[in-house]
Amino acid sequence: MQNKYIDEIFAQLTKVTGLGAEDLAGLMETPPNPEMGDYALPCFTFAKTMRKAPNLIAEELASGFETNERIVEARATGPYLNFFVSRDDLARDVLQQIVEKVEDYGRSEKGAGRRIVIDFSHPNIAKPFGIHHLRSTVIGGALRRIFKTLGYEAVGINHLGDWGSQFAKLILGWKKWGEGELTEDITVHTLLDLYVRINEEIDDNPEAEAEASAWFRRLESGDEEARHMWQVACDISWKEFERVYGRLGIEFDVVAGESTHIGRMNDSVERLREKGLVKISEGATIVDLEEWDMAPFLAYRSDEASLYATRDLAAAEHRWLEYEFEQMLYVVDVAQSLHFRQLFKVLELMGHEWSDRCTHVVFGRLRFKDGGMSTRRGKIVLMEDVLNRAVELVRDTIEEKNPDLAEKDEVAEAVGIGAILFADLDSRRIKDVQFDWDEILNFNGETGPYVQYTHARYASVLRKYGKEVPPLDADFGLLTEPETAEVIKQLGAFPNTIVRAAEGHEPSYIASYLIDLCTAANRFYSAHRVVSEDESVTAARITLVYAITVVLKNGLALLGIRAPEEM
Ligand code: ARG
């Protein structure tokens with residue numbers, strides 16, 4: 001935790017406890033209920049050095065604490081030292097900032113001059129965009145925005161799966177059954193059907209397997225025909241991916257698939273050899289990792305064909321040279337944990353002291369309740385089918401509840417897709433996500449539509465107010481009732497929530513934050529009339545409502561979710 005009040009508390013406490021602000025920051029808590037104070041410091045840790053019971057320490061620290069117009073009270077409650085912040089001061093401080101900064105509220109320069117590479121989304125070419133790439137896309141996209149907001153130079157890389165033996169199979173399939181030349185008017189679905197069929201053929205017929213290997217050799221050695229067909233397959237896929245990224249609001253700084261690294265693989269493997277790290281095992285070039293309880297890292301197959309791991313090795317070395325990153329994040333499903341442990345170990349063994357800057361940002365599986373989506377063609381649930389379904393369902397709800405709404409299509413698109421993004425991001429990423437349509441689209445649950453709806457509701461309060469928003473010269477000293485102060489505290493916690501989300505690589509902190517903010521806002525709203533005869537109270541409360549809409553919108557934007565003004 002960090003803000004000016006905490007800084008002030010720490011400035012006094014470091015002197016008496018002998019602990020640094022960093023250590024204290026790790027101890028600071030929020031009391032379970034606001035009547036107990038705004039911040040709480042458990043005093044157990046000091047028992048050893050101060051040789052006293054925690055209760056006594058809390059009392060002693062409380063009586064020695066010098067209050068002022070910002071920290072108005074320090075009170076011992078059992079072993080806790082609780083602090084009360086001035087509500088006036090907090091209201092002025094937070095609301096002033098929001099009114100001044102608006103869409104920049106939450107932004108900082110904390111990460112200036114620091115570079116973070118984020119490898120995310122990375123679907124596989126020649127297959128349609130499957131739903132199993134949703135989580136990486138959405139989590140990685142959010143992390144990229146979060147880091148950028150904090151002033152980091154975030155380099156979002158799409159490491160497309162655009163190389164490997166699957167292309168050789170595809171080429172072979174086209175050669176066997178395709179009509180005419182492979183051109184760009186062929187759809188990715190046709191490619192997938194072909195891919196499924198050739199795999200069946202290879203299963204039954206070892207000769208076909210040998211033919212496919214031969215095509216892969218041609219591809220890797222730069223054979224013109226093979227390369228041309230590969231390129232067409234890439235172009236066909238990219239067209240489809242771009243459409244999906246557009247709908248999801250996802251952008252990349254660099255699109256550099258596995259194929260971009262093939263010219264670098266030999267050098268990387270050569271470095272492995274020079275370091276004496278490789279062994280030949282059954283003809284394959286490997287790095288033995290038995291000492292670390294891992295299967296060997298496969299650098300080249302026995303036929304010298306490269307592998308996924310080879311390309312990742314070359315990519316990592318290249319990215320270091322290119323970006324000298326402070327961190328490199330691989331946002332990839334938990335199923336690839338071993339692969340990344342192997343890769344990072346190999347980088348370490350090679351003497352790359354930056355290997356410990358690499359992190360596998362794992363996430364759990366995505367499932368559909370009761371098979372809510374059919375798997376089509378080659379066992380893939382298509383991303384676009386899922387998006388379309390969500391949008392359609394929202395559209396039905398709008399038709400039923402608010403048939404006169406303007407721009408129904410845009411709102412349905414924003415809310416349907418928002419529901420999917422939010423459902424993917426609202427619990428810790430390591431947890432599996434279960435999609436249940438009723439649940440994720442529920443306007444009253446802890447969902448994207450709920451947050452969007454809350455935003456729209458307060459936006460409409462502002463519209464109905466009919467005067468200038470935010471009002472000038474509002475007296476924030478009037479915003480001190482407990483429910484009101486709670487909202488202000490939440491609003492004030494936004495910048496720090498972004499910092500925590502970045503540190504933990506957890507966009508879910510933002511999602512939970514938004515739900516808490518909605519809850520606090522709704523409590524305030526049901527306890528107090530915003531617009532009344534008292535003009536100064538009205539102006540202050542309108543400012544608060546305005547601040548709520550600003551922060552909800554900024555928070556949703558970090559997750560890639562739009563905030564319609566009406567819905
Ligand atoms: N395309 C891969 C897959 O679908 C994921 C790539 C992850 N990134 C990486 N650098 N290995 O499984």
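Start at 1 and go down the list; that is how both ligands and their atoms are numbered. Hydrogens, waters and symmetry mates play no part in the numbers below; they use all other heavy atoms, side chains included.
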Report every pair formed by an N or O atom of ligand 1 and a protein N or O atom separated by less than 3.5 Å, giving atom names and the distance to 0.1 Å.
{"residue": "ligand 1", "atom": "1 (N)", "partner": "H122", "partner atom": "O", "Å": "2.9"}
{"residue": "ligand 1", "atom": "1 (N)", "partner": "N124", "partner atom": "OD1", "Å": "2.8"}
{"residue": "ligand 1", "atom": "4 (O)", "partner": "N124", "partner atom": "OD1", "Å": "3.4"}
{"residue": "ligand 1", "atom": "4 (O)", "partner": "N124", "partner atom": "ND2", "Å": "3.1"}
{"residue": "ligand 1", "atom": "4 (O)", "partner": "H133", "partner atom": "NE2", "Å": "2.8"}
{"residue": "ligand 1", "atom": "8 (N)", "partner": "D119", "partner atom": "OD1", "Å": "3.3"}
{"residue": "ligand 1", "atom": "10 (N)", "partner": "D119", "partner atom": "OD2", "Å": "2.7"}
{"residue": "ligand 1", "atom": "10 (N)", "partner": "D312", "partner atom": "OD1", "Å": "2.7"}
{"residue": "ligand 1", "atom": "11 (N)", "partner": "Y308", "partner atom": "OH", "Å": "2.7"}
{"residue": "ligand 1", "atom": "11 (N)", "partner": "D312", "partner atom": "OD1", "Å": "3.3"}
{"residue": "ligand 1", "atom": "11 (N)", "partner": "D312", "partner atom": "OD2", "Å": "2.6"}
{"residue": "ligand 1", "atom": "12 (O)", "partner": "Q336", "partner atom": "NE2", "Å": "2.9"}

Practice problem: Apply side chain to side chain contact (heavy atoms under 4.5 Å, CB included) to the pair K175 and M229, showing each step before the final yes or no. | Solution: CA-CA 10 Å; K175 287 273 161 194; M229 289 178 74; 4.1 Å; yes
Quiz prompt | Pairs touching residues 258-268 that satisfy side-chain hydrogen bond (donor to acceptor under 3.5 Å, both in side chains), sequence neighbours left out | solution = D162-S259, E258-R311, H261-R264, R264-H318, N266-Y300, S268-E317
Self-check item: More than 12 heavy atoms from other groups under 6.0 Å of CD on E446
Solution: no
Exercise. Apply ring pair (Phe, Tyr, Trp, His ring centres under 6.0 Å) to F344 and Y330, showing your working.
Key: CA-CA 11 Å; F344 301 163; Y330 292 88; 5.7 Å; yes
Quiz prompt | For E326, salt bridge (Lys or Arg N to Asp or Glu O under 4.0 Å) partners two or more places apart | solution = R114
Exercise. Could you tell me which residues satisfy salt bridge (Lys or Arg N to Asp or Glu O under 4.0 Å) with D436, sequence neighbours excluded, listed by chain and number?
Key: K369
